[in-house]
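See below for the structure under consideration.
Letters A, B, ... are given to chains in the order of the sequence lines, protein chains preceding strands, and every chain is numbered from 1.
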Amino acid sequence: MKNSEETKESIHDLPKAYEFSAVEKKWYEYWEKHKKFQATMDDGKPSFSIVIPPPNVTGVLHVGHALNNTLQDVLVRFKRMQGYNTLWLPGTDHAGIATQNVVERQLAAESINRHDIGRKKFVERVWQWKEESGGQIINQLKRLGCSCDWDRERFTMDEGLSRAVREVFTRLYNEGLIYKGDYIINWCPRCHTALADLEVEHEPTDGKLYNIRYPFTTGDGYLVVATTRPETMLGDTAVAVHPSDERYNNLPEKAVVLPLVNRTIPIVFDAHVEREFGTGALKVTPAHDLNDFEISRRHDLPALKIMDDSGAMNEAAGDYAGMDRFACRKKVVEDLEKLGLLEKVEEYQHGVGHCYRCQTVVEPSLSKQWFVSVKPLAEKAIAAVKEGQTKIYPKTWENTYYDWMYNIRDWCISRQIWWGHQIPAWTCEDCGELIVSNIDPEECTKCAGSKLVQETDVLDTWFSSALWPFSTLGWPDKTDELKIFYPTSVLITSFDILFFWVARMMMMGLHFMKEIPFKDVYLHALVRDAEGRKMSKSKGNVMDPLLVMDKYGTDALRFTMIAFAAQGRDIRLSEDRIEGYRHFINKIWNAVRFSLLHIRDSQPYAIEEIEPSGLALEHQWILSRTNRTIAEVHRGLNEYRFNDVAHALYQFIWHEFCDWYLEWVKGDLYGDDQEVKNTGRQVLFTVLEIIIKLLHPITPFVTEEVWAALPGERSSIMSGPFPEEISAWDNSEAEDASALFMGVVTGLRNIRSETGIHPSAKVKGFVICPDQAKGAVLQENSKAILALTRVEELQIIAEGDRPKGAASYIFNEIEIFVPLAGLVDVEQELAKLERAMDKVSLQLKKVEGKLGNSKFLDNAPAEVVAGEKEKQETMSAKLAKIEESMERLKHL
RNA sequence: GGGCGGGUAGCUCAGUUGGGAGAGCAUCGGCCUUACAAGCCGGGGGUCACAGGUUCAAGCCCUGUUCCGCCCACCA
């Protein structure tokens with residue numbers, strides 16, 4: 001952007017504290033207006049693409065979204081600045097059941113239900129709701145700073161995606177990979193729909209195990225079966241025992257009478273029965289239990305459905321018809337007891353399936369549904385990860401992925417709701433032919449009849465999500481978008497939808513694109529509350545990211561998220577952590593404010609102009625540290641080690657750049673030497689620009705704001721380039737010399753602090769440094785030492801008499817003194833030295849132990865041995881100095 | 001029943017091929033030193049869950065124990 005004079009004027013009076021609110025609004029509007037997020041169709045540049053995990057259209061931004069999208073935005077901004085043709089494709093998911101529930105609640109408020117208005121009107125209502133109130137999360141993502149290409153926003157029910165869904169359905173059907181069949185599925189009596197296995201949550205529940213007597217037809221004797229759901233006995237069509245169970249070798253007869261309904265049912269022998277459980281006799285209810293259903297198929301048993309879609313008993317339940325399933329359970333137990341057929345009731349804890357959308361207890365139920373045979377698709381999805389075409393981070397999730405893929409079962413994709421992609425299958429009323437087609441057929445393909453009735457079921461929402469990486473890029477057309485951006489670079493999502501979404505995208509992508517949908521998958525952790533509990537509305541422990549952004553600013557929230565995003569570990573988030581990082585944002589702000597005082601009249605410098613070799617130590621040091629930070633940021637981002645990036649930046653900016661460099665360089669900037677001053681400005685300016693750029697992906701708002709405040713014509717920081725490593729800046733010698741310098745400064749400060757010398761009191765420093773070269777370094781930087789310690793005068797000698805009556809500090813072989821004119825507290829000094837001595841002698845003992853061990857000398861690598869020897873020397877020197885000091889003190 | 005992750009400072013957590021235990025916050029002491037009190041300077045604080053083993057050397061590798069959390073699974 002053009003840096004107008006007006007902007008510059010305001011910079012001169014930057015407020016003391018960073019005021020994020022107006023800044024965030026201003027810059028987001030600017031970015032959007034200038035299309036800074038737009039991907040181009042330029043395939044000459046390397047591309048980088050991410051498809052957003054589409055939030056539910058009913059969704060409201062929660063901290064999980066905040067984490068997920070911050071991670072994506074960091075990578076996207078990083079790659080964009082690096083010059084990639086970057087696409088972050090946004091959108092929302094129609095979220096079948098969830099959205100339907102929302103609108104049904106609306107209707108309920110008007111005392112009507114969806115059946116009152118019919119399917120067509122209902123779906124219209126949902127669309128209307130979507131247009132009016134849906135997708136508010138999109139604006140919330142914008143608040144978060146997400147740099148999505150909003151012109152490409154998609155919705156899983158929009159025209160293009162619906163076309164992709166039909167195409168996929170039709171092709172899979174024609175390939176024999178989609179079929180319709182009678183099978184036990186999970187039925188939610190509240191949502192009135194089938195659910196996939198994955199959509200059922202098993203929760204340990206305290207229940208009862210009822211032992212029920214099933215009399216033999218003769219009336220003489222009985223079998224005892226155990227069940228947790230006695231009401232299902234009304235649908236029993238057999239009792240099963242294990243074929244080699246000796247207890248049942250010599251049964252008087254092969255049938256029993258089902259109590260209450262007095263139906264004679266056979267006893268069958270099936271190896272599935274667990275002999276150790278209960279009495280080893282299993283009641284078989286084919287229509288309401290998966291295992292029983294399978295047994296029934298093996299023994300050709302009939303299936304009897306005894307419940308309706310709402311979980312109430314149907315006519316087949318005889319006298320119990322019309323009762324709710326749980327009321328029926330009670331009644332059945334009572335009646336059995338009256339008949340003396342209830343042998344015993346035990347407390348029993350077992351897993352009970354609940355609907356993942358409404359928590360209603362799910363009923364296994366025999367039903368005609370549509371399924372995908374996923375096994376053949378899974379094979380390719382397994383191979384792609386095995387071969388490393390797609391890499392999963394953290395790697396430990398690969399096992400979970402394989403495990404699920406290997407044991408995958410057919411996917412029930414039909415849902416008996418109204419909101420979603422209606423299954424593109426029609427039945428001819430004339431001849432009964434089933435027609436599956438990607439376009440609405442006009443007549444029967446078999447009899448040319450025109451009375452075609454479409455399936456009423458819709459598809460599982462995850463069916464359309466599974467196509468997301470290619471449907472959003474224009475598939476089934478052969479688009480340039482697909483050519484440029486598919487496969488996408490990385491998928492960033494939470495581990496809890498690894499099966500729901502990631503696995504299915506892998507299968508669909510490989511099947512239809514013949515190529516993986518993404519090269520990397522980064523699975524991040526869950527955000528929990530400060531006590532480690534999952535955040536949920538019912539617990540009342542949810543943190544609203546929007547309120548957090550209002551209070552602390554978006555950048556603070558983002559930085560916090562990144563700082564805690566360690567691989568493979570959940571994040572415990574609390575407000576004070578975010579507050580802590582707000583301080584960091586403010587620190588950046590003030591570092592820039594200070595720098596601007598000195599560089600605002602300067603011309604910008606090209607980084608290449610910096611030639612470190614002739615520069616003063618502070619510059620060589622900060623350039624070296626800067627370069628190491630650049631390297632660390634690159635490494636962290638490329639390896640998805642986000643927390644490393646945040647910590648490297650935090651450490652470097654606060655403790656190296658601000659605490660040391662800015663204080664150190666003040667001597668140059670406030671001095672009279674014009675050349676020194678200019679060099680100081682140049683290096684300061686250069687490093688500052690790099691810091692702001694390195695931070696930009698994580699904290700986009702504050703960085704754009706201060707970037708614009710820097711002198712010179714400059715476009716948005718988003719345009720990059722991102723800092724690349726400059727190895728010529730690496731300088732271990734300068735880092736060593738700085739460590740020496742800092743050690744002496746710390747020593748002098750320590751003395752002042754420990755002896756209670758007031759900061760403004762004038763004192764002299766005295767340093768004995770036996771090593772000539774080190775002494776020279778200290779001498780060269782003595783002015784800075786004075787400035788940083790507020791010591792008035794500093795004497796550095798190689799050898800000589802120690803001052804009498806001085807407080808001391810020993811830093812390796814260097815002795816530091818502050819003469820106290822007889823005011824030295826001998827006791828206190830001795831105590832301090834003793835503490836130091838304890839520490840050093842302990843370390844020395846360890847080192848000497850190693851060096852005295854011939855096995856260590858023989859086996860350890862030479863550089864390790866050399867390192868230990870060097871340590872030994874420094875430590876013994878230090879120890880000797882400490883002992884001497886103590887002696888002197890005692891004789892004072 | 002399988003599988004995975006975790007136990008490191010008061011709290012929350014880093015610690016990437018084994019080689020002198022770290023950060024943030026909190027705490028204690030001193031400072032309004034002209035970028036920042038949302039700040040500066042200094043200090044204290046850990047048998048790295050427990051027990052064995054491998055190794056010259058273990059927070060890190062191996063075995064076992066224990067506690068916590070999560071995921072998967074068709075013993076009713």
Side-chain angles (χ1 to χ4, degrees), chain A residues 14 16-18 184 202 209 225-229 232 240 272-278 281-285 289-294 348 350-351 364 394 396-397 399-400 403-404 407 409 495-496 498-499 525-526 528 530 532 534 552 563-564 566 568-574 576-577 579-598 635 639 641 643-644 647 650-651 655 658-659 662-663 666 670 746 749-754 756-760 787-790 835 843 846-847 850 853-861 863-865 867-868 871 875:
Chain A
L14 283 185
K16 259 177 108 167
Y18 172 53
I184 289 278
H202 292 271
L209 188 63
V225 299
T227 180
T228 53
R229 297 190 302 152
T232 62
H272 163 79
V273 178
E274 209 49 64
R275 272 168 285 182
E276 281 69 43
F277 191 91
L282 170 72
K283 62 189 270 312
V284 181
T285 322
D289 185 278
L290 177 61
N291 290 310
D292 296 2
F293 174 72
E294 282 169 357
Y348 189 68
H350 62 133
T396 158
W397 285 105
N399 278 335
T400 312
D403 192 54
W404 189 73
N407 298 307
R409 291 170 46 199
F495 67 80
D496 55 352
L498 175 61
F499 307 141
L526 242 45
R528 299 173 176 279
K534 211 166 171 172
Y552 303 104
F564 282 100
R569 195 158 180 157
D570 286 347
I571 298 173
R572 293 194 186 190
L573 195 64
S574 67
D576 55 331
R577 276 167 225 190
E579 187 177 5
Y581 283 111
R582 177 186 57 168
H583 297 175
F584 177 59
I585 305 297
N586 197 52
K587 187 75 180 177
I588 297 163
W589 176 259
N590 276 293
V592 173
R593 215 159 66 95
F594 166 78
S595 303
L596 279 173
L597 289 174
H598 299 280
R635 190 194 62 82
E639 296 176 11
R641 300 183 66 95
N643 58 323
D644 285 359
H647 287 126
Y650 187 100
Q651 195 64 23
H655 298 304
C658 290
D659 288 352
L662 289 185
E663 296 305 320
K666 275 177 186 172
Y670 287 115
T746 303
R749 284 170 173 171
N750 173 278
I751 293 172
R752 292 196 76 124
S753 179
E754 296 274 300
I757 302 169
H758 192 273
S760 59
L788 294 182
T789 56
R790 310 186 88 200
R835 277 203 309 271
Q843 287 174 341
K846 269 191 188 165
V847 172
K850 280 189 188 177
N853 183 342
S854 62
K855 284 183 180 171
F856 172 72
L857 298 175
D858 293 344
N859 292 314
E863 69 258 27
V864 172
V865 176
E868 291 297 311
K871 258 188 264 172
M875 282 184 214

Considering only side-chain heavy atoms of [X], which listed nucleotide, [options], is closest?
{"X": "A:K587", "options": "B:G39, B:G43, B:G19", "answer": "B:G39"}
{"X": "A:F277", "options": "B:A76, B:C56, B:A35", "answer": "B:A76"}
{"X": "A:V273", "options": "B:U16, B:G20, B:A76", "answer": "B:A76"}
{"X": "A:E639", "options": "B:G20, B:U16, B:G19", "answer": "B:U16"}
{"X": "A:D659", "options": "B:C72, B:C40, B:A38", "answer": "B:C40"}
{"X": "A:F564", "options": "B:A35, B:U12, B:G44", "answer": "B:U12"}
{"X": "A:H583", "options": "B:G29, B:G39, B:A14", "answer": "B:G39"}
{"X": "A:N750", "options": "B:G42, B:G15, B:C32", "answer": "B:G42"}
{"X": "A:P759", "options": "B:C31, B:G43, B:G19", "answer": "B:C31"}
{"X": "A:K16", "options": "B:A37, B:A35, B:A38", "answer": "B:A37"}

Please report, rounded to the nearest Å, how far the [atom2] atom of [N] is from the [atom1] atom of [X].
{"X": "A:N643", "N": "B:C25", "atom1": "CG", "atom2": "P", "result": "17 Å"}
{"X": "A:I585", "N": "B:A38", "atom1": "CD1", "atom2": "C1'", "result": "12 Å"}
{"X": "A:R577", "N": "B:C13", "atom1": "CZ", "atom2": "C1'", "result": "8 Å"}

(message) Any N or O donor-acceptor pair under 3.5 Å from the base of B:A57 to the side chain of A:E868?
(response)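 Answer no: no donor N or O sits under 3.5 Å from an acceptor.
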
About how many Å separate [atom2] of [Y] and [atom1] of [X], when rounded to the nearest 0.5 Å?
{"X": "A:T746", "Y": "A:L788", "atom1": "OG1", "atom2": "CG", "result": "9.5 Å"}
{"X": "A:N750", "Y": "A:T789", "atom1": "CG", "atom2": "OG1", "result": "12.5 Å"}
{"X": "A:H583", "Y": "A:K587", "atom1": "NE2", "atom2": "NZ", "result": "12.0 Å"}

[X] side chain near [N] phosphate (N/O to OP1/OP2, under 4.0 Å):
{"X": "A:R790", "N": "B:G42", "answer": "no"}
{"X": "A:N859", "N": "B:C56", "answer": "yes"}
{"X": "A:Y581", "N": "B:A38", "answer": "no"}
{"X": "A:H655", "N": "B:A23", "answer": "no"}
{"X": "A:R749", "N": "B:G42", "answer": "yes"}
{"X": "A:K871", "N": "B:G19", "answer": "no"}

(request) Hey, which sits more toward the 5' end of RNA chain B by its nearest nucleotide, A:A226 or A:F584? (result)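 Its nucleotide being nearer the 5' end, the pick is A:F584.
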
(request) Tell me which of A:D576 and A:A591 sits closer to the 5' end of RNA chain B, going by the nucleotide each one is nearest to. (result)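 Result: A:D576.
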
Determine the contact category for [X]: base if any of its heavy atoms lies under 4.0 Å from a base atom, sugar-phosphate if only primed atoms, P, OP1 or OP2 are that close, otherwise nothing.
{"X": "A:R572", "value": "sugar-phosphate"}
{"X": "A:Y552", "value": "nothing"}
{"X": "A:R635", "value": "base"}
{"X": "A:N399", "value": "nothing"}
{"X": "A:T396", "value": "sugar-phosphate"}
{"X": "A:A860", "value": "base"}
{"X": "A:L662", "value": "base"}
{"X": "A:H350", "value": "nothing"}
{"X": "A:N586", "value": "base"}
{"X": "A:P364", "value": "nothing"}
{"X": "A:E663", "value": "base"}

Applying the Watson-Crick and G-U wobble criteria at under 3.5 Å, what pairs with [N]? Answer none if nothing qualifies.
{"N": "B:G20", "value": "none"}
{"N": "B:A9", "value": "none"}
{"N": "B:G1", "value": "B:C72"}
{"N": "B:A58", "value": "none"}
{"N": "B:C50", "value": "B:G64"}
{"N": "B:C40", "value": "B:G30"}

Do the non-hydrogen side-chain atoms of [X] and [Y] ever get within less than 4.5 Å of each other?
{"X": "A:F495", "Y": "A:T400", "answer": "no"}
{"X": "A:I184", "Y": "A:E294", "answer": "no"}
{"X": "A:K16", "Y": "A:W589", "answer": "no"}

(message) Assess whether a salt bridge exists between A:D644 and A:R635, defined as any Lys/Arg side-chain N lying under 4.0 Å from an Asp/Glu carboxylate O.
(response)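 Looking at A:D644 and A:R635, the cut-off is met.
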
(message) Taking only the C1' atom of each, what is the distance from B:C61 to B:U16 in whole angstrom?
(response)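 My reading of the C1' atoms in B:C61 and B:U16 gives 15 Å.
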
(message) Please give the distance between the P atoms of B:U12 and B:G69 as a whole number of Å.
(response)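 Per the computed distance, 15 Å lies between those P atoms.
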
(request) Please list, chain by chain and in numerical order, all residues satisfying salt bridge (charged side-chain N to carboxylate O under 4.0 Å, His left out) with A:R409, sequence neighbours excluded. (result)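 Listed in chain order: A:D197.
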
(request) Establish, yes or no, whether a centroid distance under 6.0 Å links the rings of A:Y650 and A:Y581. (result)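 Yes, they do, as the ring centres are separated by less than 6.0 Å.
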
